[in-house]
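Dropping a structure here in structure tokens format, bear with me for questions.
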Amino acid sequence: MTKVITYGTYDLLHYGHIKLLERAKELGDYLIVGVTSDDYDKARGKINNKQTLMERVAAVKACGIADEVIAEEYDGQKIDDIRKYGIDIFAIGSDWEGKFDYLNEYCKVIYLPRTKGISSSKIRARKNHLKVGLIGDEGSELTSITKFIRELQYVDGVEAVCSNVKEDRLIQIENINELLSIVDAVYIASHPTKHYKQIKNALTHGKHVLCETPVALVADQCSELFEIAKLNNCILMEGAKTAYTTAFERLVLLAKTGKIGEILCVDATCTSQKNLGEYSGEKLKNNWNTITEWGPLTLLPVFQILGCEYKNISIDTRLLPSSEFFDIFTRVNFRFDKAVATVKVAKGAKSEGELIISGTDGYIYVPAPWWKTDYFEIRYENPADNKRYFYQLDGEGIRYEIVAFVKAIDNGNGSFYIDEDVTRAIAGVMEEFYKKEKVFLI
């Protein structure tokens, strides 16, 4: 009996997939089909599959061509599978020609012609084709817009068409209402003091919104914006890129499922030491202060792990002498019912940018810079019990954020990664800072 094996993602199973599987089956007597897992697809750069692994496996089984369907989960598995199943022929589409020649050492490699003009990427692109307008300020926020445009190339069916600020690759439309008239959604990276009005304007025009965190500087404004979004059948999503990375998602789940026992403390730090001379005059006016630039990221693990109902909050801060609200260092202390948390952020000081989650049985350690993590450890009293976790991270998490935004629009639900309560709690801390009632100057 001649055994054949082939692999693929098989997202939105189509005629081209079927023909390729039929050609592979004709090569032998028994066909095994490997369907790539979601995590392995992410590692290979395929990040916006429309279907889950189980849906894709079910679709391949349902077509009735494969004799056996398995999941492909890691690099090197093809060699393991060829040995394990006694494979005679490895078959793959001709667009991979030469890529798998190394497998000739283990079996015969055959590259099969693909059906021209058909691909899952093209189907996804036709289905989505989301036109996005970019809203920012002339100045440092252009960096966010530049990164956003760069990462769009990895997401099928999303196109940046215009911006209110000068960007060589886009049409410039300074009038926001005019910009809103030609797009389906907006990405907002302007100064935080402008977020509330700009988001409200976009939502009332029926446009979906992805906004750099924080969404607003007052908690009640967040609630209002989410209500407007629901009334207009729009998605409002917070652009905290860390929340959309696989590593961060997994560490939160592990923490909440008792891997380190009862959680007693969360400590998060984000700092960058810059020339304070940059923060003066007009530059100061358009620059994000420390609490708005770094604060939301450090607050994310606190609220996602410990919840949003803290009992007490105190804020220690150092301000620029020339400003009433521009902090160069801020520490926020929380007391919850059965836990505490501390976040430290700075643009004018330096510290180790790590995340530590302490529990009764062990702790989770995420090394600096934790907000860009692709690796973390669970550590116990006995080092032999320690666990290490590695995950692929591309594009600082921005491309995953864009994919989540597109999926939220498709599914009509934008709170999967960051709950509305968390967004509101982050805005609540910003509100406490600007009210100054619980702020102590150092």
Side-chain angles (χ1 to χ4, degrees), residues 38-39 41-43 46-53 128 130 132 144 147-148 151-152 154-155 158 185-189 195 199 203 208-216 219 222-223 225-226 229-230 234-257 266 268 270 294-308 355 357 364 366 370-374 376 389 391-429:
D38 298 327
D39 284 344
D41 265 335
K42 282 184 180 180
K46 301 187 74 169
I47 59 172
N48 62 328
N49 291 332
K50 304 300 292 184
Q51 297 176 299
T52 65
L53 173 63
N128 294 331
L130 189 72
V132 180
S144 297
K147 289 180 179 179
F148 187 87
E151 294 302 306
L152 278 179
Y154 300 100
V155 185
V158 186
V186 292
Y187 166 66
I188 297 177
H195 287 180
I199 293 171
L203 293 174
H208 306 291
V209 177
L210 174 62
C211 181
E212 281 295 319
T213 185
V215 164
C222 278
S223 300
L225 292 173
F226 280 117
K230 290 169 187 173
C234 292
I235 294 298
L236 168 58
M237 182 175 285
E238 187 158 21
K241 58 183 179 289
T242 302
Y244 304 95
T245 64
T246 303
F248 183 77
E249 179 189 352
R250 297 297 161 81
L251 76 86
V252 169
L253 289 174
L254 288 170
K256 295 178 73 172
T257 51
V266 176
C270 292
W294 284 120
L297 282 181
T298 54
L299 294 169
L300 198 61
V302 173
F303 293 138
Q304 289 196 325
I305 294 170
L306 298 178
C308 301
L355 170 65
I357 304 161
I364 297 175
V366 192
W370 70 263
W371 55 95
K372 295 182 181 180
T373 188
D374 56 1
F376 64 89
Y389 298 83
Y391 299 94
Q392 182 77 14
L393 175 64
D394 297 302
E396 301 180 29
I398 298 171
R399 65 186 65 170
Y400 309 125
E401 173 185 288
I402 299 170
V403 168
F405 185 50
V406 174
K407 287 184 176 179
I409 293 170
D410 286 347
N411 300 331
N413 180 8
S415 61
F416 181 77
Y417 289 89
I418 305 177
D419 289 339
E420 291 180 19
D421 287 345
V422 172
T423 294
R424 178 185 168 87
I426 290 172
V429 175

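FYI, the numbering just counts along the sequence from 1.
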Contacts of T242 that satisfy side chain to side chain donor-acceptor pair (under 3.5 Å) - sequence neighbours left out
none

I need the minimum non-hydrogen distance between W370 and A268, along with the two atoms involved.
CZ2-CB, 4.2 Å

Kindly indicate whether the side chain of F376, heavy atoms from C-beta on, has any atom under 4.5 Å from the side chain of I357.
no

Salt bridge check: are K241 and E151 linked by an N-O gap of less than 4.0 Å?
no

Distance (rounded to the nearest 0.5 Å) between T298 OG1 and F303 CZ:
9.0 Å

Looking only at atom types and distance, does a side-chain atom of H195 sit under 3.5 Å from a main-chain N or O of P214, one as donor and one as acceptor?
yes

Under 4.5 Å between any side-chain heavy atoms of T423 and F226, yes or no?
yes

Would you say the side-chain atoms of Y244 and E249 include a donor-acceptor pair closer than 3.5 Å?
no

Side chain to side chain contact (heavy atoms under 4.5 Å, CB included) partner of C308, chosen from V422, V302, L299:
V422

V155 pairs by side chain to side chain contact (heavy atoms under 4.5 Å, CB included) with which of I398, L130, I402?
I402

Within the distance-only criterion (no hydrogens, no angle test), does the side chain of E238 pair as donor or acceptor with the backbone N or O of Y417 below 3.5 angstrom?
no

W371 versus C270, closest heavy-atom pair with distance
CE3-SG, 3.3 Å

Value rounded to 0.5 Å, distance of OG1 in T213 from CH2 in W294
12.5 Å

If every non-hydrogen atom of L300 is compared with every non-hydrogen atom of A243, which pair is closest and at what distance?
CD2-CB, 3.6 Å

Where do I364 and L251 come nearest, in terms of heavy atoms and distance?
CD1-O, 3.8 Å

Point-to-point distance, once rounded to the nearest 0.5 Å, from CD1 of I188 to CZ of F148:
11.0 Å

Roughly how far, to the nearest 0.5 Å, is CZ of R250 from OH of Y389?
11.0 Å

What are the two closest heavy atoms between C234 and L203, and how far apart are they?
CB-CD2, 3.8 Å

Euclidean distance, C211 SG relative to M237 CE, rounded to 0.5 Å:
12.5 Å

Write down the atom of Q304, the atom of I418, and the distance for their closest heavy-atom approach.
NE2-CA, 4.0 Å

Pairwise side-chain contact, F405 with V158, heavy-atom cut-off 4.5 Å (strictly under):
no

Output for pair (T245 OG1, E401 CD), nearest 0.5 Å, gives 10.5 Å

Taking the side chain as everything from C-beta on, heavy atoms only, tell me whether L393 gets closer than 4.5 Å to T246.
no

